[in-house]
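Below: one structure, written as structure tokens.
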Amino acid sequence: MADKGRIKKELTELSRDTKSGVTVEVKSEDMHELEGTISGPEGTPYEGGTYVITISIPRGYPFEPPKMKFLTKIWHPNISSQTGAICLDILKDQWSPALTIKTALLSLQALLCSPEPEDPQDAQVATMYKQDPAKFRQTAKFWTETYAQKSDGESAAISRLVEMGFSRDRAVAALAQAGGDETEAVNKLLSS
Amino acid sequence: MSLKVTIKRWNAVARWTWGDHVDGDVCGICQMPFEGCPPGVKFPGDGAPVVWGKCAHAFHLQCISQWLTSKNSCPICRREWEFESSQGGPPVSFFLLFQPTTHSFR
Ligand SMILES: [Zn+2]
Ligand SMILES: [Zn+2]
């Protein structure tokens, strides 16, 4: 059975912490399902975004790592753009029981600052990161604006594509794929 | 110039503790104070002994033993775990607080 005393203690400390930019909310009565948020670090394409992470505490916690996944879509070499699965050593074989939910979330924030394309989770993103850094930044930034920011109205590009007769979902997906490039998105929509 | 400190008075303070290099006084695994109990243990002290590694990191015996079944490393510094065999000193240490009340320069 997971160590409830420790989880409780961690949650109390997290609720007092207003400085580190991470929050955790309890989602199930047994405290095994949690939801964390981290803010996109300044100076990265993720700046201004808020990322929701689902956290599942295994029975063996803290001897086994918490299971974490991005719920908010993100364009990053070490995070799947499809499923939100994370490739980070401390959430796998480098876990230590001296680490906590908070330190794990802070490590995710650090991962947003320094991607590790040599150990990718999403091959397509990693390839773009290495071969076309400018396009990578543009796409990551567009994904931040599209998926990780509180929507105060849609972007003008989405509205224009919807006016052209494409469904909103397809328009968003095409723009995301094209890194926000409207012409490329239209071409994608017309050719598919 | 030399500094001469004259100790006029000192207070001895005794404190129950497992030793004198316990990091932060909480176990790095269960995060409970060493004077308290790890999960599943009702009474502090004999039921929840504290052990040290050669790296000088300390944990409840129960806590580190459980971790060592999956990995032979210190949870804090990740060095290979080796029990410190000479767990120096009795579990009670005395901290002597010297309080110099006057000093003179010469
Ligand atoms: Zn412990
Ligand atoms: Zn150590």
Side-chain angles (χ1 to χ4, degrees), chain A residues 1-17 19-20 22-24 26 28-32 34 36 55-68 87-108 110-111 116 119, chain B residues 16-84 87:
Chain A
M1 206 193 78
D3 178 355
K4 254 192 192 167
R6 191 184 127 151
I7 301 173
K8 261 189 201 160
K9 211 169 170 197
E10 283 194 45
L11 291 172
T12 314
E13 272 161 34
L14 271 161
S15 66
R16 285 200 206 111
D17 178 359
K19 283 187 204 133
S20 51
V22 306
T23 67
V24 173
V26 181
S28 71
E29 224 167 285
D30 64 2
M31 296 190 297
H32 281 47
L34 312 171
I55 306 167
S56 174
I57 307 292
R59 292 168 69 86
Y61 187 80
F63 299 100
E64 289 170 33
K67 294 187 175 72
M68 295 194 174
C87 180
L88 180 63
D89 56 0
I90 62 140
L91 291 179
K92 293 175 178 166
D93 58 331
Q94 289 303 305
W95 171 257
S96 144
L99 296 171
T100 62
I101 297 163
K102 176 175 159 182
T103 53
L105 288 172
L106 291 173
S107 302
L108 288 181
L111 186 65
E116 290 168 33
D119 189 18
Chain B
W16 190 92
T17 164
W18 278 104
D20 52 11
H21 54 304
V22 175
D23 218 353
D25 291 328
V26 303
C27 169
I29 296 177
C30 66
Q31 307 209 342
M32 293 297 155
F34 282 123
E35 286 73 19
C37 302
V41 175
K42 288 204 179 78
F43 302 103
D46 281 349
V50 175
V51 292
W52 279 263
K54 283 235 185 325
C55 59
H57 288 126
F59 306 93
H60 290 118
L61 176 62
Q62 283 89 340
C63 295
I64 190 68
S65 302
Q66 197 176 339
W67 172 244
L68 294 176
T69 60
S70 55
K71 220 172 199 184
N72 193 40
S73 65
C74 171
I76 291 173
C77 65
R78 297 180 189 274
R79 265 177 264 182
E80 191 184 340
W81 181 266
E82 269 184 277
F83 283 100
E84 178 61 74
Q87 304 244 323

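Every chain is numbered from 1 and lettered A, B, ... according to where its sequence line falls, protein lines coming before strand lines.
- In this structure, B/Q31 CD and A/K9 NZ are separated by 6.0 Å, a value rounded to the nearest 0.5 Å.
- Smallest separation of non-hydrogen atoms from A/A98 and B/P75: CB-O, 3.4 Å.
- Residue-environment remark: NZ (B/K54) exceeds the threshold of 12 foreign heavy atoms within 6.0 Å.
- Using a distance-only test at 3.5 Å, with no hydrogens or angles considered, a donor-acceptor pair links the side chain of B/K71 to the main chain of A/D93.
- With a 4.5 angstrom heavy-atom cutoff, A/Q94 touches chain B via backbone and side-chain atoms both.
- Residues B/T69 and A/F63 fail the side-chain proximity criterion, which asks for heavy atoms closer than 4.5 Å.
- Rounding to the nearest 0.5 angstrom, the gap separating the CG atom in A/L99 from the CD1 atom in B/I29 is 11.5 Å.
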